[in-house]
Amino acid sequence: MATLPFELVEDILRRLPVKSLKRFRAVAKLWCSLIDSENFVKMHLQRSVASNSHRSLVLGGLAVYSVDLDSLDKAHVVKPPFYYKTVDCISNSCNGIVLVISDPPVLWNPISRDYKVLPQCSAEYPTVDEYYTKTTCGFGYDSINDDYKIVRVVEYRSKISHVWMNSKTMIYGLKSNSWREIEDFPYPLPFLKGHWRAFVSGAMHTLVEEYDRGYRARIMAFSVESEKHYEVAMPPGFRTRIFELNLDSIEGRLCLVCTNRSRAVIWVMNEYGVKESWTKLVSICPPLIEEGDFVKPLAYSGERDKILLNCEDKRLFWYDLRKKSVEDVLVDGMPFVFYAEPCVESLVSPDGPRTVKKLGREKIKGKKIRNKRDDFLSEGFKLVL
């Protein structure tokens with residue numbers, strides 16, 4: 001009998017889904033320490049992203065569901081371990097974590113079920129009879145500082161004309177577990193569903209519509225790393241007047257979704273910040289969709305020859321990029337009305353890494369400790385040579 005090397009055991013574990021790893025924490029203290037370690041959590045996430053594996057759709061609405069993106073066979077009910085209201089909205093996913101926009105807001109890993117209720121934003125907002133307030137939240141990951149951040153913008157608009165007057169902006173950092181005020185947004189935000197949908201390359205993106213000299217739309221970005229605003233170029237020669245525009249993302253790339261009565265078009269920016277890299281990914285017309293239907297890109301197929309689309313929050317279908325055809329996706333148990341967010345399964349905890357002892361690899365230096373490690377592994381993986 002021969003035992004597997006510890007490094008090989010670790011490599012095998014990195015390939016497993018989160019639910020299996022959560023169970024395997026109970027096998028032994030060494031496995032628990034390994035799976036809970038910050039290094040293993042990062043390596044597991046990196047491998048899942050690189051291999052495009054362990055992906056799910058999180059469906060929100062009257063309840064929360066998860067659907068395996070590789071099989072798309074069944075919608076499983078997910079019961080949040082906190083108070084969830086049907087009016088609450090679930091944001092985009094960052095490394096397996098989503099923001100539940102509730103009062104108070106919650107950071108949640110729907111696969112591992114770890115969550116963190118955020119402290120109340122204590123900023124004082126003046127009340128003016130002529131104005132009403134509108135709140136928009138954005139969620140992103142600051143890779144430079146390895147921090148998860150939430151931006152909360154409260155806008156003041158005229159009750160009569162709905163014209164934007166000004167705003168007040170607060171930002172939350174998970175590391176500090178606190179809110180702080182930053183420079184106000186210098187432009188109005190569109191009437192989103194309470195949150196930004198497009199987080200790409202460390203920045204939240206929004207469409208800014210201007211009517212001063214005729215209608216004009218431009219893409220503005222806010223970096224959660226530098227906390228600065230900048231403009232992102234539209235596709236070359238693009239005419240904004242004839243479409244209803246929305247921003248989204250697919251697998252880390254910025255998308256511009258354009259809809260009118262005759263067709264829906266999705267542009268994708270293949271190289272971030274490069275205007276010439278905009279490419280028309282999808283152009284779909286009736287009868288494949290109804291006139292004026294809104295579509296949202298969700299994910300590529302494993303062979304990357306199809307793209308999964310959400311149509312009007314009621315229908316999922318594959319769009320074949322070569323054949324220009326559609327194939328409806330029927331998921332058992334899927335609700336009639338839903339919104340969908342793609343999510344990579346991860347062990348990342350919004351409540352911070354668990355406190356664990358040093359791993360065997362760091363402690364195993366002497367022969368005596370190596371022998372103890374081999375004795376442990378002999379109880380688990382074995383190969384008959």
Side-chain angles (χ1 to χ4, degrees), residues 48-49 51-61 63-76 78 89-99 110-111 139-140 192-193 195-201 204-205 245-259 263-270 279-284 288-290 293-346:
S48 296
V49 172
S51 61
N52 211 24
S53 58
H54 306 318
R55 301 178 302 161
S56 294
L57 278 182
V58 177
L59 308 180
V64 182
Y65 303 81
S66 69
V67 180
D68 185 281
L69 257 176
D70 293 326
S71 61
L72 290 173
D73 56 351
K74 184 176 178 59
H76 300 274
V78 179
C89 187
I90 296 177
S91 77
N92 58 294
S93 169
C94 289
N95 297 337
I97 298 177
V98 298
L99 171 66
I111 306 302
F139 175 50
L192 307 172
K193 294 181 178 179
H195 69 281
W196 279 271
R197 278 203 294 258
F199 179 78
V200 176
S201 294
M204 301 168 187
H205 298 74
L245 306 178
N246 287 280
L247 285 179
D248 223 303
S249 64
I250 181 169
E251 297 185 5
R253 295 180 179 178
L254 186 64
C255 292
L256 179 63
V257 182
C258 317
T259 308
R263 65 188 184 277
V265 178
I266 300 177
W267 291 79
V268 62
M269 181 176 261
N270 291 306
T279 303
K280 190 181 292 185
L281 181 67
V282 171
S283 182
I284 186 169
L288 299 181
I289 58 173
E290 299 293 330
D293 273 0
F294 167 78
V295 296
K296 170 183 169 63
L298 295 174
Y300 286 101
S301 63
E303 297 77 20
R304 304 187 70 81
D305 58 343
K306 299 178 183 178
I307 182 172
L308 185 65
L309 298 176
N310 172 12
C311 182
E312 288 291 304
D313 289 342
K314 295 180 180 180
R315 172 191 176 200
L316 295 179
F317 63 84
W318 287 110
Y319 177 80
D320 193 303
L321 297 171
R322 288 197 290 260
K323 298 179 181 178
K324 313 299 182 186
S325 60
V326 302
E327 178 186 355
D328 280 308
V329 176
L330 302 178
V331 180
D332 184 32
M334 190 171 68
F336 177 70
V337 178
F338 58 89
Y339 58 87
E341 295 292 344
C343 179
V344 62
E345 297 183 14
S346 82

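Count residues from 1 along the sequence.
At a cut-off of 3.5 Å, with distance as the only test, no side-chain donor of D68 or S56 sits close to an acceptor on the other residue. A donor atom on one side chain and an acceptor atom on the other are not found under 3.5 Å apart for S93 and E341. Residues R315 and N310 bring no donor and acceptor atom of their side chains to less than 3.5 Å of each other.
Rounded to the nearest 0.5 Å, atoms CG (L288) and CG (D328) are 10.0 Å apart. Atom CG of residue L247 and atom NE2 of residue H205 lie 8.0 Å apart, to the nearest 0.5 angstrom. Summarising the geometry, atom CG belonging to D70 is positioned 7.5 Å from atom OG belonging to S53; distances are rounded to the nearest 0.5 Å. Atom CG of L281 and atom CZ of R253 lie 9.5 Å apart (nearest 0.5 Å). Taken to the nearest 0.5 Å, the OH atom of Y319 stands 10.0 Å off from the CD1 atom of I289.
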Checking L57 against L298 for the side chain to side chain contact (heavy atoms under 4.5 Å, CB included) test, could you report, in this order, the C-alpha distance in whole Å, the side-chain angles of both residues, the deciding distance, and whether it holds?
CA-CA 8 Å; L57 278 182; L298 295 174; 4.2 Å; yes
side-chain hydrogen bond (donor to acceptor under 3.5 Å, both in side chains) between S325 and D320, intermediate numbers included:
CA-CA 5 Å; S325 60; D320 193 303; 4.7 Å; no
Let's go through Y65 and V58 carefully: what are the C-alpha distance in whole Å and the side-chain angles of both, what is the deciding distance for side chain to side chain contact (heavy atoms under 4.5 Å, CB included) to 0.1 Å, and is it a yes or a no?
CA-CA 6 Å; Y65 303 81; V58 177; over 6 Å; no
Steps toward side chain to side chain contact (heavy atoms under 4.5 Å, CB included) verdict (L256, I266)
CA-CA 6 Å; L256 179 63; I266 300 177; over 6 Å; no
Side chain to side chain contact (heavy atoms under 4.5 Å, CB included) for F294 and C311? Distances and angles first, verdict last.
CA-CA 6 Å; F294 167 78; C311 182; over 6 Å; no
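Contact check for V329 versus W318: side-chain heavy atoms found under the 4.5 Å cut-off. Contact check for I111 versus S346: no side-chain heavy atoms found under the 4.5 Å cut-off. Here the side chains of I307 and V282 are in contact, with some heavy-atom distance below 4.5 Å. Within the 4.5 Å cutoff, no side-chain heavy atoms of V49 are placed close to those of N52. Between L308 and S301, every side-chain heavy-atom pair lies at or beyond the 4.5 Å cut-off. Side chains of E251 and Y300 form a contact here, defined as non-hydrogen atoms less than 4.5 Å apart. Within the 4.5 Å cutoff, side-chain heavy atoms of L59 are placed close to those of M334. Side-chain atoms of I284 and V326, non-hydrogen and from C-beta on, do get closer than 4.5 Å to each other.
Nearest heavy atoms, C255 versus I250: SG-CG2, 3.3 Å. Looking at every heavy atom in both residues, V78 comes nearest to P110 through CG1-O, 4.0 Å. Between Y339 and G61, the shortest heavy-atom distance links the atoms CE2-N, 3.7 Å. Here the closest non-hydrogen pair linking M204 and F139 is CE-N, 3.4 Å. Nearest heavy-atom pair across L69 and L72 is O-CG, 3.7 Å. P297 and L309 get closest at one heavy-atom pair: CA-CD2, 3.7 Å.
If you run side chain to side chain contact (heavy atoms under 4.5 Å, CB included) between S249 and each of V200, L254, V268, N92, only V200 comes through.
Crowding of R304 atom CZ: a count of heavy atoms from other residues, nucleotides or ligands under 6.0 Å exceeding 12. Summarising the local packing, CD of E290 is surrounded by 12 or fewer heavy atoms from other residues, nucleotides or ligands at distances under 6.0 Å.
Using a cut-off of 4.0 Å between Lys/Arg side-chain N and Asp/Glu carboxylate O, E312 and K296 are scored as not salt-bridged.
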